[in-house]
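For reference, the structure discussed in these notes is given below.
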Amino acid sequence: KIALLDGTTCYSSDEKGPYEFVVEGDALESGLHEGIQLMKVGEKAKFILPSYLAHGLHGDDAVIPPLSALVVDIELLAIIR
């Protein structure tokens, strides 16, 4: 789940299912690339990403406004190599 600091949900895997991405390879919030590398399979974490590690000056042109800090609740389900 990705939310703004005021609690507004921007994206949720409850709606779309688990999200698969390549660490340091996909266009994803850079803070997630950093944080996910500290996790083990099965762990849950809450990351608070300042705007410069999230979507920065532009937001995402959909639901995340420019200069927004984000709260990301994440569970690492698997590592695929």
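Contact check for Leu53 versus Glu34: side-chain heavy atoms found under the 4.5 Å cut-off. Looking at heavy atoms from C-beta onward, Lys1 lies in side-chain contact with Thr9 at the 4.5 angstrom threshold. Within the 4.5 Å cutoff, side-chain heavy atoms of Leu5 are placed close to those of Val71. Using a 4.5 Å heavy-atom threshold, the side chains of Ile2 and Ser12 count as separate. With contacts defined as side-chain heavy-atom distances shorter than 4.5 Å, the pair Tyr11/Asp60 qualifies. Under the 4.5 Å side-chain criterion, counting only non-hydrogen atoms from C-beta, His55 is in contact with Ile64. With a 4.5 Å cut-off on side-chain heavy atoms, Leu70 and Ser51 do not count as touching.
The nearest pair of heavy atoms linking Leu57 to Pro66 is O-CB, 3.0 Å. The shortest heavy-atom contact between Met39 and Ile74 is SD-CG2, 3.9 Å. Taking each heavy atom of Ala54 and Ser68 in turn, the nearest pair found is CB-O, 4.0 Å.
In terms of hydrophobic clustering, with Ile, Leu, Val, Met, Phe, Trp and Tyr side chains grouped at heavy-atom distances under 4.5 Å, Leu38 and Leu32 are assigned to different clusters. Under the 4.5 Å side-chain heavy-atom criterion for Ile, Leu, Val, Met, Phe, Trp and Tyr, Val72 and Val63 are members of the same hydrophobic cluster.
Here CG of Leu77 is found 12.5 Å from CD of Glu43. Values are rounded to the nearest 0.5 Å.
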